Every structure is written in C-alpha cells, then in structure tokens.
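Following: one structure in structure tokens, then a few remarks.
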Amino acid sequence: MKVNGTPYRTIWPTADNTAVEIIDQTKLPHIFTTLRLESMRDAERAIRDMQVRGAPLIGVTGAYGVALSMNHHASDAALKATCDKLLLARPTAVNLRWGIERMRAFLLPLQESERAAVAWQEAARIADEDVEINSSIGRHGSELIRATHQKKNATVNILTHCNAGWLATVDWGTALAPIYKAFDAGISLHVWVDETRPRNQGASLTAWELGQHGVPHTVIADNTGGHLMQRGMVDMCIVGTDRVTARGDVCNKIGTYLKALAAHDNGVPFYVALPTPTIDWTLQEGVKDIPIEERAAEEVTHISGLCDDGQVRSVQLTPKGSRAANYGFDVTPARLVTALITENGVVKANAAAMCTLRDMSSLNIDDDQLEQLR
Ligand code: MRU
C-alpha cells in the first residue's frame, strides 16, 4: 500500500541481506519512520515491543529473525537457540510459531554453510506468500461487501476492531483487505474504527492507513459499537484474528468478543478474516486452550499522544496507586462468528467446514469447487 503516494511493505530485507527494515509502528500516526533490524535480538525486541505487530507480520518478522541469526551462527545449536528465543517474544499469535517452525524445518536438513543464503530466500518467500494470501482474502471478502451493497443500494457501514490492515501483515491486511478491494472497485463504504484501548491500534493505525488510502472512516470509542448496531448503523463487522482453533473459536484483540455478542444480538453479520496459517489445528477450545498475553499495566494507566507543541508525550490517566490489568486478547466462540474469510474462500466457523478448508489448503481447490462443498 502507499504512504504519501510511495508504495511500501511493512518489512523488507536490505539488498545485501545483512539487515531488515521495518516501519516503526510505535511512532504512528504522528511520525512515519523506518527502523533497521541487524540481529535476531533486534527482531525479537521489535516483536515484543510492538514496533511490528499483527499476527501475520509477527510471523514474517520471526522468519527474518532466523535469517538474521544464520548470518552469524548457523550450527544446529544456534538454530535451536534462535528459534526458542524468538518463540518467546509474544505468546498469542500462532503465526509466530508457524513462521519460525517453517524456517527451522527448512534449514535443519541443510549443511551449516548453506543455511544463511537459504534462510533469506525462505523468509522472503514467506513474506511474498503473505501478500498473495491477503490479496485473495480481499478478493473473497469484497464479494460479501458487494452483495451487501447490492441488497442495500446505499453506503455499506463496516465495523472493525484493532488493526488488521496492511500494517498488521506484509501488505493488504486481512480484515481491511476486503475493504480496500471493495473501495477500489468503486463500492460506496464507510468504516467504523474501534479505538482499541489500551494500545489504540484502531485510532492510531487503522485510522491512519484508511486515511492514506482515502477510505471514509470514523473513529469511535470502544464501547460505541453496540449502540450503533441497535440503531442499524452497522451492516457488518470484519475483524482479524491471532489464532483460530480447529473448531472455529476466534482469538483476537481484547474487546472483540463484546462486539461479537452485540452483533449476534442485533443480527449483524460478524466476519473474521484470516490467512490459513492463523489456524491452530492442535487446539479445539479457544477459551480454555489459547494463551492470552498479559502486558504491562502502564499500557492501561498511561496514554500517549501529540501535544500542542508538536511533541509526542505519555500522560497518566489513572490515580497513582490504582492497579491495572492488561489482558491483550479474548476469545469469541465459533457460534458467534458468521463465517471465516480465508485465502481459499468463505467458510463457516465449525469443525466440519474447517476440515474441508484444511484439505483445501493442500489441494488448492478453486472457488467453484469450494462453493459446491459449502
Ligand atoms: O497486539 P497486536 O496489535 O499485535 O494485535 C493485533 C490484532 O489483534 C489483530 O487484529 C490480529 O493480529 C489480526 S492481524 C491481521
């Protein structure tokens, strides 16, 4: 996607494969700046401190982290230590494990001397695949928006939570990819953007990237969605996810579950957009089985923003001494999810449909065949 007219990805290797550049997402929306990662430790820190964030981008950064490490130490022991360290950077998004384990499986059978070059090729392949996958998600999801537009014959209002746009991936995004594709196809739409406390990925990142693309949007306080749905001001919700279980439970940014409950109560379709690497086939029950990240209390007690003097500063919101809890994610049970939008098409969030999807990922069945199977 473009930033001030210039095409960007969120992560890219330097020409000589000695470093990786990223957009520093902790500085947006007020400052657009890039950062250079030169070691596995830089990659691990960038993931942990959320300079890169969003499930697919975390996975790709993990893969590049392995490549950075292989430039210096490529023994079996170094590969294991690198993968083990990177896996600990953030616990909830399964894409991190997926990206790192794919690198490990690819590199382990190779000679030590071959590993560095191949690691960079494989990390680049994972990044390119992410772009293709998200473009396909956009294609499938935009048909849902088109169908709603045809039925309604007026602007389609879509609510999204957190940031599942191109900043959360290598390009296009997951939840926002259908929105970009539909908007580019000339469909009239408007996006309600949940601010997404405590880190405000909606207010800071989603609003910024929608604005860069010229998509009409309105930022709302997190608690507004239910009210809008009761008044018929939301036609559909589309969110991303950090991990989906084999039976279709969806883990996403804290607050997603409440939006799904409100959507269910008001008959508003609730879609979840995801690349298939976000499915954790080893888990069934999301609420019980998915590890939920708990982050620093300061993310709740403090907030940062642009001051009148042009400086970005952090200020305290809460009384000194009040404790704060910071759970990063929640789980929406499959029964509240209308459908999953994947690169292979739109499927129901249940074990039977997900099995079909699993077979499809390896068989590469086309859309018509997928439609017949639904
Ligand atoms: O804590 P974050 O900002 O990494 O959380 C991101 C989200 O919850 C996204 O909605 C999710 O990763 C889907 S991203 C395509």
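Predicted model, so just to flag it, every value in this text is computed and none were measured. Whatever order the structure lists ligands and atoms in, that order sets their numbers, starting from 1.
Taking NZ from K259 and CE from M229, the interatomic distance works out to 7.0 Å, rounded to the nearest 0.5 Å. Between the OG1 atom of T61 and the CG atom of D42 there is a distance of 12.0 Å, given to the nearest 0.5 Å. Note that OH of Y257 is 11.0 Å distant from CG of D249, once rounded to the nearest 0.5 Å.
Of all the heavy atoms of N163, the ones lying under 4.0 Å from any atom of ligand 1 belong exclusively to the backbone. Counting heavy atoms closer than 4.0 Å to ligand 1, residue T241 contributes backbone atoms (N, CA, C, O) but none from C-beta onward. Looking at A273 against ligand 1, nothing comes within 4.0 Å, counting heavy atoms. Residue contacts with ligand 1 for M50 involve side-chain atoms from C-beta outward but no N, CA, C or O (heavy atoms, distance under 4.0 Å).
Closest approach of P56 and D130 over heavy atoms only: CB-OD1, 3.4 Å.
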Test side chain to side chain contact (heavy atoms under 4.5 Å, CB included) applied to E285 and T245, step by step: CA-CA 7 Å; E285 276 188 56; T245 67; over 6 Å; no

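Among protein heavy atoms, atom 11 (C) of ligand 1 sits closest to D242 OD1, 3.1 Å. The closest protein non-hydrogen atom to atom 10 (O) of ligand 1 is N252 OD1, 3.0 Å.
Under 4.0 Å is where a charged nitrogen must lie from a carboxylate oxygen, and between R197 and E195 no such pair does. Between E299 and R295 there is a salt bridge, since a side-chain N of the basic residue sits under 4.0 Å from a carboxylate O of the acidic one.
Any N or O atom pair closer than 3.5 Å counts here, and F329 shares no such pair with ligand 1. Geometrically, ligand 1 and K253 share a nitrogen or oxygen pair separated by less than 3.5 Å.
At least one heavy atom of P56 sits closer than 4.0 Å to an atom of ligand 1.
Ligand-side atoms of ligand 1 in range of A55: 12 (O), 14 (S), range being under 4.0 angstrom from any heavy atom. Residue contact check: A168 has heavy atoms under 4.0 Å from atoms 14 (S), 15 (C) of ligand 1. For ligand 1, the atoms sitting less than 4.0 Å from at least one non-hydrogen atom of R90 are 1 (O), 2 (P), 4 (O), numbered in the order shown with element in parentheses. Close approach of ligand 1 to T174 (heavy-atom distance below 4.0 Å) involves ligand atoms 15 (C). Heavy-atom proximity to Q201, at under 4.0 Å, picks out these atoms of ligand 1: 1 (O), 2 (P), 3 (O).
Residues T342 and N344 bring no donor and acceptor atom of their side chains to less than 3.5 Å of each other. Side-chain N/O atoms of N163 and T206 include a donor and acceptor closer than 3.5 Å.
Taking only non-hydrogen atoms, the option from H161, R243, R53 nearest to atom 6 (C) of ligand 1 is R53.
Between the D24 side chain and the F32 main chain, no donor and acceptor come within less than 3.5 Å of each other.
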